[in-house]
Amino acid sequence: MAASAPGKLILFGEHAVVFGEPAVSTAINLRTEVFARPHREWLVDGASLDEPRYKYVKRALERAWRGGPLWLEIRSMIPTGAGLGSSAAVTVATLAALRDLERRDLVPESIAREAFEVEHDVQGRASPIDTSTATAGGGILVTPAAEDGLLWSIRRDTRQWHLHRRSLPSLTLVVGSTGISAATGPLVAGVKERVDRSREAAEAVHEIGRIALDGLAALEKKDLAEAGRLMDRNHVLLNDLGVGHPALDKLVAAARPHSHGAKLTGAGGGGSMFALTDEPGKVAEAIRAAGGKAYLVQSDPVGVRRMP
Ligand code: PMV
């Protein structure tokens, strides 16, 4: 039994979304596939399930599997630790493969809820943006109040996130990866500490939320110049929250002369940036010349799915 799920790019609003502010993401055309079949002992890619790199898979099994041992195989096009949602994709695809083994329907809402719990268990503080995007595919808007196009709502402590379908124009985006991998949990905890002690940081979080709504409106109007300007401002605010990195700034600066805008994406502290551009080839070249890895990715409507 096998299932796959896409990676994601957060277009606007990472970190602020953990506080309940609006954010916008899209699934991308890089996917993770998980194969699962009953076996005499637990194995992932022929290795032990206890290896740290399988912590999301292990937690998903602990939460969702009551049967005997399985042999799992993971095949992924999504670079890990790069802010492109590899852990959400592997979590969602694992949960879907387990349901498939039990001959249960793939109900996206219940997979998204379960995947969020897995990510929350492993990561500490989290929002459901990554796991819901990997589940639903396409463009996603997260807001603190429900609106048209509601997919589902997820609550945690006093925070509540409403996840909505938004159709974005087809976007070719250039991702630049620093090659520096940074764990999401400590970065998210660092922002919380900063917001708790600084009014400026709390204001930056609110401004990022407003940018997410304005950025979505600009994308929907195909006003890429305005969307790019908002991306640039979002990047400054993420740096103010302490999740930037000199290597990210270098790739952002290299991309900007040929782009509408560029910003870090995901947790930061390394990881990746992306650029919105009409000249993807030139931007990819500039990112590579600045020492990054460059990938052209597209927004993709396909969420979690069973594989034949
Ligand atoms: O880089 P990633 O895929 O771990 O993105 C995390 C996004 C955050 O907003 C920083 C955290 C979250 O759970 O929303």
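Remember, it's 1-based here, ligands and their atoms both numbered in the order they're listed. Heavy atoms only: backbone and side chains are in, while hydrogens, waters and symmetry mates are out.
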Checklist entry - For Leu95, what are the other residues in its hydrophobic cluster, where any two members join if their side-chain heavy atoms are less than 4.5 angstrom apart? => result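 Traced through the cluster, Leu95 reaches Val92, Leu106, Ile111, Val304.
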Item to check | Neighbour count above 12 (heavy atom, 6.0 Å) for Glu285 CD | outcome: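 At most 12 heavy atoms, drawn from other residues, nucleotides or ligands, come within 6.0 Å of this atom.
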Item to check | Heavy-atom neighbours of Asp105 CG exceed 12 at 6.0 Å | outcome: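 No.
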Checklist entry - Between the main-chain N or O of Asp148 and the side-chain N or O of Arg165, is there a donor-acceptor pair closer than 3.5 Å? => result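 No.
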Checklist entry - Is a donor on one side and an acceptor on the other found under 3.5 Å between the side chain of Arg113 and the backbone of Ser153? => result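 Indeed, once roles are kept as given, a pair shorter than 3.5 Å links the two residues.
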Protein heavy-atom partner closest to [atom] - residue, atom, separation in Å:
atom: atom 4 (O) of ligand 1; value: Thr184 OG1, 2.6 Å
atom: atom 1 (O) of ligand 1; value: Ala267 N, 2.8 Å
atom: atom 13 (O) of ligand 1; value: Ser127 N, 2.8 Å
atom: atom 7 (C) of ligand 1; value: Ile10 CD1, 3.7 Å

Checklist entry - Can the ring centroids of Trp71 and Phe35 be said to lie less than 6.0 angstrom from one another? => result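 No - the distance between ring centres of Trp71 and Phe35 does not fall below the 6.0 Å cut-off.
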Item to check | Residues that Arg103 engages under salt bridge (Lys or Arg N to Asp or Glu O under 4.0 Å), provided they are two or more places apart | outcome: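 Salt bridge (Lys or Arg N to Asp or Glu O under 4.0 Å) check on Arg103 returns nothing, list empty.
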Checklist entry - Can you tell which part of Lys8 has a heavy atom less than 4.0 Å from ligand 1: side chain, backbone, both or neither? => result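 Side chain only.
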Checklist entry - If you measure from each non-hydrogen atom of Val243 to ligand 1, which part falls under 4.0 Å: side chain, backbone, both or neither? => result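 Under 4.0 Å from ligand 1, Val243 contributes no heavy atoms.
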Distance-only N or O hit between ligand 1 and [X], under 3.5 Å:
X: His15; result: yes
X: Arg125; result: no
X: Val18; result: no

Item to check | ligand 1 atoms in contact with Gln123 (distance to a heavy atom under 4.0 Å) | outcome: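 The list of qualifying atoms is 13 (O).
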Next on the checklist: Just to be sure I'm reading this right: ignoring hydrogens, which of Val188, Asp130, Leu84, Ile129 gets closest to atom 2 (P) of ligand 1? Compare them by their nearest heavy atoms.
Outcome noted: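 Looking at heavy atoms only, Asp130 sits closest to atom 2 (P) of ligand 1.
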